[in-house]
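In what follows, chains are A, B, ... by sequence order, proteins preceding strands, each numbered from 1. All heavy atoms count here, side chains included; hydrogens, waters and symmetry mates do not.
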Number of protein chains: 2
Amino acid sequence: MKQTDVMGKTSTTASRRPGRPVGGQLEVDREQVLDAAERVIARDGAGASIEAVAFEAGVTKPIVYDRVGGRADLADALAERLADRMAAAAAAAVRVDTTLTKESLRGFIEASLLVVGRHRNLFLYVTGGTTEQTALGRLKLTERSTTPMSSALIAWRTGFGQPTDVAEAWAFGIVGMLQMVSMWWLTQDQRSASEVAEQITDLLWHGLPGSGRES
Amino acid sequence: MKQTDVMGKTSTTASRRPGRPVGGQLEVDREQVLDAAERVIARDGAGASIEAVAFEAGVTKPIVYDRVGGRADLADALAERLADRMAAAAAAAVRVDTTLTKESLRGFIEASLLVVGRHRNLFLYVTGGTTEQTALGRLKLTERSTTPMSSALIAWRTGFGQPTDVAEAWAFGIVGMLQMVSMWWLTQDQRSASEVAEQITDLLWHGLPGSGRES
DNA sequence: AAACGAAAGTTACCAGTAGTAAGTTAGGTG
DNA sequence: CACCTAACTTACTACTGGTAACTTTCGTTT
């Protein structure tokens with residue numbers, strides 16, 4: 001996690017001269033900074049510093065602050081990306097929109113797990129807050145995942161004439177369950193994603209009494 | 001979050017002379033440091049620094065490092081305390097050991113929520129990791145909660161002749177659900193703990209299809 | 001065309017924080 | 001009495017998030 005310097009210069013100093021660039025155009029835009037952040041996190045781990053991100057992007061710290069804001073905003077933006085990627089993977093696997101079946105739930109969970117596995121460090125970076133602000137801020141980012149799920153739950157339960165006031169609590173609960181299971185799964189080499197997805201699906205679909213006994 | 005100094009001296013300097021204390025005994029032991037940490041976190045928020053903890057304990061930083069270790073170890077120790085307190089509250093409310101009923105599950109969840117509400121900042125401190133190490137370290141701390149739950153699940157399912165290989169995944173999932181719901185509940189002033197506990201219990205007990213339709 | 005302000009960067013700095021090495025005093029032991 | 005060890009404090013290093021100040025170029029106005 002030392003970073004220090006990669007070339008001869010201390011990484012604080014950029015390779016470019018100060019001042020407005022000759023082209024007159026922005027050197028790197030927000031998306032490129034976020035791309036760089038993902039690269040450095042994937043390579044060096046979740047403890048990546050803003051400076052390392054700036055260096056990877058080929059610019060200096062104030063640029064990062066100008067493009068994406070502080071560290072909390074960076075985590076938020078990356079969380080949005082990850083959440084979107086999970087949603088896309090899930091959408092590609094199954095269709096949760098209107099009809100929710102046990103099989104589609106299982107597909108959704110497994111797709112989420114696989115995305116987390118593919119972006120391990122990013123997931124750890126995004127779910128690992130720092131201060132109190134970002135601790136409750138992680139909540140805000142989680143909403144990126146909960147909002148669609150909440151809507152889906154409302155639509156689904158409405159279709160069956162069931163009360164929808166549980167949707168929000170359920171959505172947060174399910175997202176929390178998924179996050180923790182993902183984290184745990186990252187430490188397990190034996191279990192396959194489909195195995196874990198199956199087990200969690202069973203719990204979420206049939207409830208604790210499970211496939212066996214009286215309700 | 002400024003801390004800086006409380007008396008005239010900059011908080012880096014202690015009020016006591018250096019050297020071995022006159023009594024020959026330890027000035028403060030591990031438990032007292034942890035108590036101090038809980039106080040300062042409860043008062044000043046989850047962003048409390050090691051130095052602030054040391055100051056609250058009436059000692060200096062190296063003492064904290066000697067007694068409890070680094071920041072990650074401090075979080076671990078405090079997490080153990082919080083988990084034990086939750087377990088105690090749950091045990092006082094219901095008996096989950098051998099028989100698990102819907103009502104006892106509901107009591108367990110509500111008791112957990114209330115403990116979180118009573119130790120809001122501590123909960124945020126404990127669930128808010130920093131680097132990659134503590135991100136996966138939070139997993140380890142979570143195990144403090146999951147281990148008893150896992151045993152309970154195994155015992156319970158064994159009693160009904162159901163397979164127990166799901167226990168670990170389920171335990172992590174349930175703990176994750178509880179943590180996220182707690183966090184969300186902290187931001188909601190309207191909803192009562194019992195209301196949220198009821199909703200989450202419904203989900204965990206009856207499953208997503210809920211009280212309405214076919215399984 | 002010269003002057004000037006705005007835009008886009010870098011440099012250099014500040015404040016705070018985790019962690020540690022070195023110095024200091026008191027108690028015990030040959 | 002000398003010496004070692006235990007239990008502290010002081011003072012420091014290394015690093016990080018964040019920002020103010022400075023530098024260069026572009027576009028526009030007189």
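- Residues satisfying the side-chain hydrogen bond (donor to acceptor under 3.5 Å, both in side chains) criterion with S192(B), sequence neighbours excluded, are S194(B).
- The CG atom of D66(A) sits 11 Å away from the P atom of dT10(C) (whole-angstrom rounding).
- Residues passing the ring-ring contact (aromatic ring centres under 6.0 Å, His included) test with W184(A) are F172(B), sequence neighbours excluded.
- Listed by first and then second residue, the salt bridge (charged side-chain N to carboxylate O under 4.0 Å, His left out) pairs involving residues 169-184 of chain B amount to none (not counting sequence neighbours).
- Applying the salt bridge (charged side-chain N to carboxylate O under 4.0 Å, His left out) criterion to R81(A), with sequence neighbours excluded, gives E31(A), D35(A), E38(A).
- Evaluation of the side chain to side chain contact (heavy atoms under 4.5 Å, CB included) rule for A89(B) yields A111(B), V115(B) as partners, not counting sequence neighbours.
- Looking at residues two or more places apart in sequence or on another chain, you find no ring-ring contact (aromatic ring centres under 6.0 Å, His included) involving F123(B).
- With sequence neighbours left out, the salt bridge (charged side-chain N to carboxylate O under 4.0 Å, His left out) criterion links R118(B) to no other residue.
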- Once each nucleotide of nucleotides 19-27 of chain C is scored for protein heavy atoms under 4.0 Å, what B/S/- sequence comes out, 5' to 3'? BBB--BBBS
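- Put simply, CZ on F55(B) is 12 Å from P on dT10(D), counting in whole angstrom units.
- To the nearest angstrom, P of dA6(D) lies 14 Å from CD1 of I63(B).
- Two end axes, each from the C1' atoms of five base pairs, can be drawn for the helix from dA1(C)-dT30(D) to dG30(C)-dC1(D); they diverge by 30°, to 10 degrees.
- Rounded to whole Å, atom P of dC26(D) lies 11 Å from atom CD of Q25(A).
- Cation-pi check for R106(A) over W205(A) is not met; the charged atom does not lie both under 6.0 angstrom from the ring centroid and within 45 degrees of its normal.
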